[in-house]
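Below is one structure, written out as structure tokens; comments come after it.
As a basis for the values below, the full set of heavy atoms in this structure was taken, side chains included, without hydrogen atoms, waters or symmetry mates. Here the structure is a predicted model, which means the values were calculated and not measured.
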Amino acid sequence: MRLRSAIYSGPVRPTPEACVEFWLKVGHIAAMSVWFTGLFFLPRLFVARHRGERDAELDFFVPVAGALYFRLMSPAGLLTIAFGIALIATGPSGAWLLMKLLVVLAAVAVHLYLGVVMFALEHGRDRHGSGFYRALGALPLVLLLAIAALTGAKPRTLPPLPAPPEAAAPMPGTRAP
């Protein structure tokens with residue numbers, strides 16, 4: 001019975017700081033998911049506009065693209081950055097963080113460029129072909145994969161797990177090896 005109490009001492013309660021960090025991460029990931037969904041979809045609207053599809057009608061394109069950009073993508077991007085800045089204070093730093101911030105800066109640049117292209121398309125200035133818009137739509141995927149790789153490559157933020165306890169005596173109901 002003593003061995004069992006030495007192994008299991010009940011549920012571990014997280015510290016308040018760990019709870020705050022958890023919810024910051026949840027908010028960061030949720031906002032980033034919405035932001036990158038918009039970064040994926042807006043170039044698709046540009047392709048439809050260029051090809052003259054049903055989505056190309058100005059009565060459809062302008063309100064949908066505008067709502068996507070200004071009401072969803074931009075607030076989600078700002079929240080992503082705000083949560084990320086808050087997380088920088090709680091986590092490890094190093095070269096991986098600098099590289100991740102550079103990739104995030106590239107995502108912000110893509111976001112702003114999509115706004116410039118959207119403005120031009122709303123005013124009838126289509127300077128690119130559908131292939132360019134398709135490539136522009138693939139760029140957020142490359143950035144997202146780079147962010148995921150850099151996040152996975154960060155140093156360990158948790159201490160290693162403790163070694164398993166030595167079996168001094170067999171537990172009741174089990175056989176000795």
Can you list everything that forms a ring-ring contact (aromatic ring centres under 6.0 Å, His included) with Phe132? Sequence neighbours excluded, please.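 Phe132 satisfies ring-ring contact (aromatic ring centres under 6.0 Å, His included) with His128 once adjacent residues are dropped.
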Between Leu101 and Ile88, is the side-chain contact (heavy atoms from CB on, under 4.5 Å) condition met? List the steps. CA-CA 10 Å; Leu101 291 175; Ile88 287 173; 4.1 Å; yes
Heavy-atom count check: over 12 atoms from other residues, nucleotides or ligands less than 6.0 Å from Arg125 CZ?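 Yes, CZ of Arg125 has more than 12 neighbouring heavy atoms, counting only those of other groups under 6.0 Å.
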Treating Ile, Leu, Val, Met, Phe, Trp and Tyr as nodes and any side-chain heavy-atom pair under 4.5 angstrom as an edge, say whether [X] and [Y] lie in one connected cluster.
X      : Y      : value
Val108 : Val142 : no
Leu141 : Leu68  : yes
Phe70  : Val64  : yes
Leu145 : Trp35  : yes
Leu102 : Trp96  : no

Donor-acceptor contact present, side-chain Ser74 to main-chain Tyr69, <3.5 Å: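 Yes, because the side chain of Ser74 sits within donor-acceptor range (under 3.5 Å) of the backbone of Tyr69.
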Quick one: hydrophobic cluster around [X], which other residues, with the 4.5 Å side-chain cut-off, linked directly or via members?
X      : answer
Ile29  : none
Val116 : none
Val20  : Leu24, Leu79, Phe83, Leu87

Mind checking the [atom1]-[atom2] spacing from [X] to [Y]? Nearest 0.5 Å is all I need.
X      : Y      : atom1 : atom2 : result
Leu144 : Leu139 : CG    : CG    : 11.5 Å
Lys25  : Met32  : NZ    : CE    : 13.5 Å
Leu39  : Phe41  : CG    : CZ    : 13.0 Å
Leu105 : Leu143 : CG    : CG    : 10.5 Å
Phe40  : Met73  : CZ    : CE    : 10.5 Å

Does the side-chain contact (heavy atoms from CB on, under 4.5 Å) test come out yes or no for Met118 and Tyr113, once each step is laid out? CA-CA 8 Å; Met118 182 182 69; Tyr113 183 70; over 6 Å; no
What are the two closest heavy atoms between [X] and [Y], and how far apart are they?
X     : Y     : answer
Leu72 : Pro75 : O-CD, 3.5 Å
Pro43 : Gly38 : CD-O, 4.3 Å
Thr80 : His28 : O-ND1, 3.0 Å

Is there any side-chain hydrogen bond (donor to acceptor under 3.5 Å, both in side chains) pair reaching into residues 131-147, and which pairs are they, with sequence neighbours excluded?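 The answer is Asp126-Tyr133.
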Which residues pass the side chain to side chain contact (heavy atoms under 4.5 Å, CB included) test with Ile147, not counting sequence neighbours?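 Ile147: side chain to side chain contact (heavy atoms under 4.5 Å, CB included) contacts with Phe36, Lys100, Val103, Val104, Thr151.
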